[in-house]
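So the structure is just underneath, and the comments pick up after that.
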Amino acid sequence: MDEFGPAIEQYEQLRAGHLCLGDRGMHTAKLALAYARSGDLATAATCGHEALNIARSTRSAAIVRELRKLEPWSSDQRVFAVTRHLGDV
């Protein structure tokens, strides 16, 4: 996680701020990717689900595009539970 720690910290801070829903969704999707790249697939999936729910609410194609970057980790069932629903948005 050392390599991705700064990115994770930054996105955690950004999503904790007062953001519009779309921005929160995008930062949460980026946070999911940072966690996946760090090897923490459980947290990546948790953040991915949150971002997916926001993408559904906002109909944001940008959030969906960001979440598609999780597909290389879809062999993990938790991540797959996110990526399999991206076409539904």
Side-chain angles (χ1 to χ4, degrees):
M1 183 150 125
D2 295 332
E3 181 181 352
F4 300 100
I8 290 169
E9 282 183 40
Q10 182 179 11
Y11 289 125
E12 286 284 9
Q13 289 175 357
L14 285 170
R15 96 178 167 140
H18 299 285
L19 301 169
C20 71
L21 190 58
D23 287 347
R24 180 177 171 84
M26 180 57 79
H27 290 308
T28 303
K30 289 177 182 281
L31 181 60
L33 184 60
Y35 275 117
R37 288 179 172 160
S38 77
D40 185 349
L41 299 182
T43 307
T46 299
C47 292
H49 279 292
E50 183 180 335
L52 179 62
N53 287 333
I54 294 171
R56 286 178 175 143
S57 296
T58 61
R59 298 188 181 272
S60 173
I63 296 170
V64 171
R65 278 193 302 274
E66 193 64 28
L67 288 172
R68 287 203 188 284
K69 295 177 183 177
L70 291 173
E71 288 177 343
W73 292 275
S74 288
S75 60
D76 182 277
Q77 290 294 80
R78 298 163 296 188
V79 175
F80 180 69
V82 174
T83 59
R84 71 178 171 166
H85 293 292
L86 295 177
D88 302 343
V89 178

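All residue numbers in this chain count up from 1 along the given sequence.
- Within the model, atoms OG of Ser60 and CG of Leu52 stand 11.0 Å from one another, a figure rounded to the nearest 0.5 Å.
- When all heavy atoms are compared, the tightest approach of Ile63 to Ala55 is CG2-CB, 3.7 Å.
- Contact record, Ala44 with Ala36: CB-N, 3.6 Å, taken as the closest heavy-atom pair.
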Going through the distances and angles, do Trp73 and Arg37 end up as a side-chain contact (heavy atoms from CB on, under 4.5 Å)? CA-CA 9 Å; Trp73 292 275; Arg37 288 179 172 160; 3.7 Å; yes
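- Separating the CG atom in Leu86 from the CD atom in Glu66 is a distance of 11.5 Å, to the nearest 0.5 Å.
- Taking every heavy atom of both residues into account, Ala32 and Gly48 meet most closely at CB-N, 3.7 Å.
- Closest non-hydrogen pair, Ala42 versus Arg78, comes out as CB-NH1, 3.4 Å.
- Interatomic distance, Leu33 CG to Leu70 CG, rounded to the nearest 0.5 Å: 5.5 Å.
- Nearest heavy atoms, Leu21 versus Ser57: CD2-CB, 4.3 Å.
- In this structure, OG1 on Thr28 lies 10.5 Å from CG on Asp23, to the nearest 0.5 angstrom.
- Distance check: Arg24 CZ to Leu31 CG gives 10.0 Å after rounding to the nearest 0.5 Å.
- The distance from atom CG of Leu41 to atom CD of Gln77, rounded to the nearest 0.5 Å, is 12.0 Å.
- Under the 4.5 Å side-chain contact rule for hydrophobic residues, Val79 and Leu67 share a cluster.
- A pairwise comparison of heavy atoms in Ala51 and Gly25 identifies CB-O, 3.7 Å as the closest pair.
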